[in-house]
Amino acid sequence: MPGTVIVGTQWGDEGKGKFTDYLAKEASLCVRYQGGHNAGHTIVADGDVFKLQLVPSGVLYPWVVPVIGNGVVVDPVVLIDELDMLESKGIDSRRVRVSGNAHLIMPYHQELDRVTERYLGKNKLGTTKRGIGPAYADKAARVGLRVQDLFDPKIFREKLDLVLREKNGVLAKVYNRLPVDADALARDYLGLAPRLEPLVDDTVHLVHEALDAQQWVLFEAAQATFLDLDHGTYPFVTSSNPVAGSVCGGAGVGPRDLERIVGIVKAYTTRVGSGPFPTELPEGDAEGDVMVERGGEYGTNTKRRRRAGWLDAVMLKHAVRINTCTELALTKLDVLSQFETLKICVAYEDERGTRYDHVPYHQSVVHKVRPVYETLPGWGHDIEHAETLDELPVAARDYVRFIEEFTGVHVSLVGVGPARDQTIVLPRAA
Ligand code: GDP
Ligand code: IMO
Ligand code: MG
């Protein structure tokens with residue numbers, strides 16, 4: 001049975017965690033294929049709140065095997081903390097499987113992430129400072145250490161000494177920082193090996209065994225289309241590829257193993273960190289403030305206030321294309337309930353009045369475009385108790401229908417609150 005991909009269609013924090021958890025109920029494997037603990041996925045189940053960084057959002061169901069694929073970058077300390085957190089909430093974390101080929105985030109990656117951001121000054125990217133970029137850079141430069149290296153102290157030390165020659169030179173001479181002590185680092189990391197060893201597996205094989213056995217495999221993006229290293233708003237992106245096609249590299253499957261691609265879209269738009277954002281409402285704007293406050297738009301991990309604005313359907317259409325979305329799952333429709341009218345960006349215009357119906361490829365254009373809006377009526381009352389499409393006000397249904405018509409893709413799920421059961425399933429029109 002082919003796999004299902006869940007991917008963000010905006011700049012992250014769309015609610016991937018909520019809908020991955022929702023869909024994982026029917027799955028046997030839930031696989032992360034890129035990113036690391038820069039992700040913060042929230043699940044609200046039976047009144048309990050889970051904030052996951054590395055462990056896939058299917059972990060709450062005892063029959064689901066959560067898999068951290070080869071494309072992920074793993075901070076072993078964070079992983080162990082997260083496993084402990086799950087155990088403390090009564091979730092058996094021994095089912096988690098980690099690819100031996102996944103790369104390790106090392107303390108010098110985090111240090112480099114911090115100092116390079118500081119050196120960029122006003123040009124900083126606004127990273128999560130988790131060492132993600134430097135870890136992927138080392139993977140590409142072929143000097144990364146991998147999870148499997150933890151179980152061979154000799155190889156671990158050889159690779160570490162080699163890479164530290166360069167890293168310590170850069171830290172000390174370029175950034176005026178203290179060098180990393182190889183002995184202490186090796187002791188700390190190798191000390192974690194006994195705890196991690198039982199979890200490490202050939203995850204590519206696991207995924208294919210499940211697919212061959214006609215089991216349902218969910219692939220969960222850590223991030224989103226416009227944070228993609230190739231397709232996002234470079235350089236204001238993350239250092240990996242969340243787009244659906246990247247499941248192939250990050251989990252070891254082929255394009256024909258993927259069938260259902262669920263694009264997660266927030267009913268408005270948010271972004272954390274720097275970079276262009278055509279529909280952004282400036283901080284202090286009354287409508288933007290409603291989105292932030294009602295939507296609780298503060299970072300799951302970093303607690304940063306998220307920038308907010310109306311739904312950008314031009315971006316969404318682009319994301320549908322790039323990911324070949326077969327459906328969309330719309331989250332946080334409830335957050336828009338009090339607006340009298342709603343706006344959706346349907347095109348862009350530059351200062352010379354040139355209209356763009358698609359996302360311009362050139363960064364200078366993207367930075368300067370203004371949104372062209374279509375205005376839709378609001379519904380003016382709360383919808384968080386709606387359980388079916390019929391229980392949604394007509395204006396809310398029209399909002400959903402507008403998105404479907406504009407993108408040409410069916411909206412299959414609508415979120416009307418953070419809880420698992422605040423989900424409306426929309427049947428496909430006959
Ligand atoms: P992710 O990174 O894409 O998994 O999203 P986050 O978990 O960082 O941010 C989404 C936030 O919105 C979380 O606090 C969720 O609990 C919450 N959320 C998800 N879906 C809905 C929804 O339909 N309505 C409301 N009000 N909140 C939601
Ligand atoms: P979830 O999983 C929102 C952003 C950072 C920064 C840029 C690069 O919660 O959707 P990085 O630390 O990855 O090098 O930072 O990417 N970013 C996210 N923004 N949600 C995320 O994950 C993000 N992960 C990274 O804010 O702008
Ligand atoms: Mg998040």
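The figures here come from the full heavy-atom set of this structure, side chains too, leaving out hydrogens, waters and symmetry mates. Nothing fancy with the numbering, it's 1 onward along the sequence. When a ligand or atom number is given, it counts from 1 through the structure's own listing order.
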If we number the atoms of ligand 1 from 1 as shown, the ones under 4.0 Å from a heavy atom of Gly17 are 4 (O)

So is Arg271 in contact with ligand 2, going by heavy-atom distances below 4.0 Å? no

Please indicate whether any nitrogen or oxygen in Leu333 is less than 3.5 Å from any nitrogen or oxygen in ligand 1. no

Counting each atom of ligand 1 from 1 as listed, which ones have a heavy atom of Lys16 under 4.0 Å away? 1 (P), 2 (O), 3 (O), 4 (O)

Are any of the heavy atoms in Gly8 under 4.0 Å away from ligand 2? no

Look only at interatomic distance and state if Arg304 has a nitrogen or oxygen under 3.5 Å from any nitrogen or oxygen of ligand 2. yes

Does any N or O of ligand 2 fall below 3.5 Å from an N or O anywhere on His41, backbone included? yes

Any nitrogen or oxygen of Thr238 lying under 3.5 Å from a nitrogen or oxygen in ligand 2? Just yes or no. yes

From Ile424 atom CD1 to Arg397 atom CZ, the distance as rounded to the nearest 0.5 Å: 10.0 Å

Of the choices Lys18, Lys332, Gln422, which has the non-hydrogen atom that lies closest to atom 17 (C) of ligand 1? Lys332

Between Glu111 and Arg177, is there a side-chain N and carboxylate O pair less than 4.0 Å apart? yes

Could you tell me whether ligand 2 has any atom less than 4.0 Å away from a heavy atom of Arg130? no

For the residue pair Phe236 and His367, does the interplanar ring angle fall in the parallel (under 30°), tilted (30 to 60°) or perpendicular (over 60°) class? perpendicular

Before you tell me yes or no, could you show the steps for Ser99 and Asp201 under side chain to side chain donor-acceptor pair (under 3.5 Å), namely the whole-Å CA-CA distance, both residues' side-chain angles and the distance that decides it to 0.1 Å? CA-CA 6 Å; Ser99 167; Asp201 215 327; over 6 Å; no

When the ring planes of Tyr399 and Trp379 are compared, do they come out parallel, tilted or perpendicular, using 30° and 60° as the limits? perpendicular

Looking just at side-chain N and O atoms, do His103 and Asp138 make a donor-acceptor pair shorter than 3.5 Å? no

Determine, step by step, whether Glu87 and Ser93 satisfy the side chain to side chain donor-acceptor pair (under 3.5 Å) criterion, reporting the C-alpha distance in whole Å, the side-chain angles of both residues, the deciding distance to 0.1 Å, and the verdict. CA-CA 6 Å; Glu87 290 287 339; Ser93 69; 2.8 Å; yes

Based purely on interatomic distance, does Ala39 place a nitrogen or oxygen under 3.5 Å from a nitrogen or oxygen of ligand 2? no

Where the closest heavy atom to atom 14 (O) of ligand 2 is concerned, which of Ile264, Thr270, Thr127 has it? Thr127

So, regarding Asp13 and ligand 1 (criterion: nitrogen or oxygen to nitrogen or oxygen, under 3.5 Å), is there a contact or not? yes

So which protein N/O/S atoms does the Mg ion (ligand 3) have within less than 2.8 Å? Asp13 OD1, Gly40 O

Tell me which one of Arg307, Arg304, Lys332, Arg271 satisfies salt bridge (charged side-chain N to carboxylate O under 4.0 Å, His left out) with Glu297. Lys332

Touching ligand 2 at all, Lys16? Heavy atoms, strictly under 4.0 Å? yes

I'd like to check whether Glu14 has a polar contact with ligand 2, where a contact means an N/O of the residue lying under 3.5 Å from an N/O of the ligand. no

Considering distance alone, does some N or O of Gly295 sit under 3.5 Å from an N or O of ligand 1? no

Purely on distance, is any nitrogen or oxygen of Ile132 under 3.5 Å from one on ligand 2? no

Report the nearest protein non-hydrogen atom to atom 9 (O) of ligand 2: residue, atom name, distance rounded to 0.1 Å. Asp13 OD1, 2.7 Å

Does any non-hydrogen side-chain atom of Val55 lie less than 4.5 Å from one of Leu79? yes

A student checking ligand 1 against Arg306 at a 4.0 Å heavy-atom cut-off should list atoms 8 (O), 9 (O)

Using a 4.0 Å heavy-atom cut-off, say whether Thr42 meets ligand 1 through its side chain, its backbone, both or neither. both

Any nitrogen or oxygen of Gly40, side chain or backbone, less than 3.5 Å from one on ligand 1? yes

Distance alone, cut at 3.5 Å: any donor-acceptor contact between the side chains of Gln110 and Asp75? yes

Is there a heavy atom in Gly417 that sits closer than 4.0 Å to ligand 1? yes

Distance (rounded to the nearest 0.5 Å) between Thr423 OG1 and Leu330 CG: 11.5 Å

Do the side chains of Asp113 and Arg130 get close enough for a salt bridge, i.e. N-O under 4.0 angstrom? no

CG/Asn123 to CD/Glu117 distance, rounded to the nearest 0.5 angstrom? 10.5 Å

Which atoms of ligand 1 have any heavy atom of Gly415 under 4.0 Å away? 23 (O)

Taking both backbone and side-chain atoms of Val272, is any N or O found less than 3.5 Å from an N or O belonging to ligand 2? yes

Salt-bridged, Arg305 to Glu283, with N to O below 4.0 Å? yes

Going by the atom numbers of ligand 1, which of them fall below 4.0 Å from some non-hydrogen atom of His41? 1 (P), 2 (O), 4 (O), 7 (O)

One thing to verify: whether Arg294 and Asp382 come together as a salt bridge, which I'm taking to mean a side-chain N less than 4.0 angstrom from a carboxylate O. yes

Test of proximity, Val44 against ligand 1: N or O pairs below 3.5 Å: no

Ser57 versus Glu220, side-chain donor and acceptor atoms under 3.5 Å: yes

Within less than 4.0 angstrom of ligand 2, does Ser239 place any heavy atom? no

Mark the output for Trp11 as yes if a heavy-atom distance to ligand 2 is under 4.0 Å, and as no if none is. yes

Look only at interatomic distance and state if Gly12 has a nitrogen or oxygen under 3.5 Å from any nitrogen or oxygen of ligand 1. no

Report the part of Leu227 in contact with ligand 2, treating N, CA, C, O as backbone and CB onward as side chain, heavy atoms under 4.0 Å; options are side chain, backbone, both, neither. side chain

ring-ring contact (aromatic ring centres under 6.0 Å, His included) involving Phe406 - partner list, sequence neighbours excluded: none

Electrostatic pair Lys266:Asp13 at N-O distance under 4.0 angstrom: no

Identity of the nearest option to atom 2 (O) of ligand 2, non-hydrogen atoms only, from Ala222, Gly12, Ser57: Ala222

Could you tell me whether the side chains of Thr4 and Trp216 share a donor-acceptor contact shorter than 3.5 Å? yes

Among Thr9, Asn241, Asn323, find the one that has a side chain to side chain donor-acceptor pair (under 3.5 Å) with Thr225. Asn323

Kindly confirm or rule out an N or O of Asp113 lying under 3.5 angstrom from an N or O of ligand 2. no

Closest to atom 8 (C) of ligand 2 (judged by heavy-atom distance), picking from Leu125, Val237, Thr128: Val237

Could a heavy atom of Gly8 be found less than 4.0 Å from some atom of ligand 1? no

Compute the minimum heavy-atom distance from Ala224 to ligand 2 and say whether it is under 4.0 Å. no

Would you compute the distance between atom CD of Gln223 and atom OG of Ser239 and round it to the nearest 0.5 angstrom? 9.5 Å

The test is side chain to side chain contact (heavy atoms under 4.5 Å, CB included); show your working for Tyr268 and Gln10 and say whether it passes. CA-CA 10 Å; Tyr268 48 100; Gln10 296 158 317; over 6 Å; no

